[in-house]
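Everything below concerns the one structure shown next.
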There are 2 protein chains.
Amino acid sequence: MQISSQTEYALRALAALALAEHEKPLSISEICKTQKLPPKYIEQIFRKLKKTGLVISIHGSKGGYKLGKDISEISLRDIMASLGENFGSSVCKSNTNYCIGLPCIYESLWDEIGKHLNSYFDSIKLDYIISKY
Amino acid sequence: MQISSQTEYALRALAALALAEHEKPLSISEICKTQKLPPKYIEQIFRKLKKTGLVISIHGSKGGYKLGKDISEISLRDIMASLGENFGSSVCKSNTNYCIGLPCIYESLWDEIGKHLNSYFDSIKLDYIISKY
DNA sequence: ACATTTCATACTAATTTACTATGTTATCTC
DNA sequence: GAGATAACATAGTAAATTAGTATGAAATGT
């Protein structure tokens with residue numbers, strides 16, 4: 001039960017964007033220099049963040065990334081979801097049918113827990129995180 | 001961010017113990033038959049659960065396991081902790097010093113999240129889970 | 001034209017997970 | 001006391017996941 005490095009890196013990078021002037025975009029290399037993050041990995045992560053609208057990109061020279069939403073509208077859950085990290089049980093996945101033919105109480109339990117975690121992670125917004133700086 | 005199979009198996013097995021007569025112990029093989037769990041894996045898991053007092057064991061023939069605490073005093077957090085699954089960040093581990101020399105806001109963030117998750121998982125007790133049967 | 005930077009895919013080393021295999025020790029029943 | 005049963009203990013291992021790297025193409029500013 002850990003926060004993946006992917007998620008933490010995304011969070012750090014987004015925080016860097018949030019703290020920068022929002023006029024001009026920040027390039028991957030600029031972000032990675034100050035935050036000492038692996039650039040090629042961050043590139044991949046940003047492409048995912050772009051697909052869900054968390055960032056927008058400017059192509060070419062002097063290009064880079066800007067936040068796609070207000071800092072009050074980007075939550076830790078949004079980040080995790082963008083990276084494909086949703087909560088679940090590793091046994092009772094919807095398609096494995098571990099409990100086929102049995103009355104499975106666990107599916108509803110994981111569901112309940114998942115809902116709680118999602119709403120909790122959704123309550124942690126980027127503005128709160130950068131307010132700690 | 002998933003519940004490991006280890007945790008789910010432990011939960012299923014403990015639920016089986018909770019639902020059984022608490023007079024006589026249940027053996028690994030009995031538990032695994034009804035719950036279709038891998039016996040040797042469950043053995044290892046039960047040894048960990050024993051170390052933290054969640055179960056007690058009776059050695060030898062006609063032996064097996066019984067719950068070590070009341071069902072209202074065994075939480076999902078207890079189970080996860082017994083299995084060594086605590087919350088954390090995969091980057092900001094206490095000894096990696098990822099942020100050495102920087103003011104690290106993330107450590108306190110993971111700490112805050114960890115505390116929330118721990119108290120949430122602590123609120124989910126075995127009696128609540130088996131009440132769903 | 002050229003440098004810069006995003007975009008896209010493929011590959012890989014290390015770690016973790018979810019087990020299995022093998023053997024030992026303790027206890028009950030006969 | 002012999003044998004069956006079941007916990008105890010450690011080692012090994014195949015598959016999946018994670019956390020990256022490598023290579024190259026496409027777009028844009030100077």
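The figures that follow rest on heavy atoms only: side chains count, while hydrogens, waters and symmetry mates do not. Chain identifiers are assigned alphabetically (A, B, ...) following the order of the sequence lines, protein sequences preceding nucleic acid strands; residue numbering begins at 1 within each chain.
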Got a donor-acceptor pair under 3.5 Å from the side chain of B:Arg47 to the base of D:dA9?
yes
What side-chain hydrogen bond (donor to acceptor under 3.5 Å, both in side chains) pairs are there with at least one residue in residues 57-66 of chain A, not counting sequence neighbours?
A:Lys50-A:Ser57
Under 4.0 Å from OP1 or OP2 of C:dC19: is there any side-chain N or O of B:Tyr9 that close?
yes
Measure distances between side-chain N and O atoms of A:Lys40 and base N and O atoms of D:dT23, and say whether any donor-acceptor pair falls under 3.5 Å.
yes
May I ask you to evaluate whether A:Ser57 reaches the phosphate of C:dC7, defined as a side-chain N or O under 4.0 Å from OP1 or OP2?
yes
Could you check whether A:Tyr65 gets within reach of a base, just the sugar-phosphate, or nothing at all, counting any heavy atom under 4.0 Å?
sugar-phosphate
Which residues satisfy the salt bridge (Lys or Arg N to Asp or Glu O under 4.0 Å) test with B:Lys69, sequence neighbours excluded?
none
Classify the side chain of B:Glu85 versus the base of C:dT17 as yes if they form a donor-acceptor pair under 3.5 Å and no if they do not.
no
Could you state the atom-to-atom distance from CG of A:Leu26 to C1' of C:dT5 in whole Å?
13 Å
Can you find a donor-acceptor N/O pair under 3.5 angstrom joining the side chain of A:Glu30 to the base of C:dT5?
no
Provide, to the nearest angstrom, the distance between the CD atom belonging to B:Glu43 and the C1' atom belonging to C:dG23.
12 Å
Closest non-hydrogen atom pair, B:Arg12 against A:Tyr106
CA-OH, 3.4 Å
For C:dC7, take OP1 and OP2 only and decide whether either is under 4.0 Å from a side-chain N or O of A:Lys50.
yes
Hey, does the side chain of B:Ser5 come within less than 4.0 Å of C:dT17's phosphate (OP1/OP2), counting only N and O?
no
Do A:Ile129 and A:Ile71 come within less than 4.5 Å of each other through their side chains, counting heavy atoms only?
no
Length of the line joining B:His59:NE2 and C:dT29:C1', which is rounded to integer Å:
18 Å
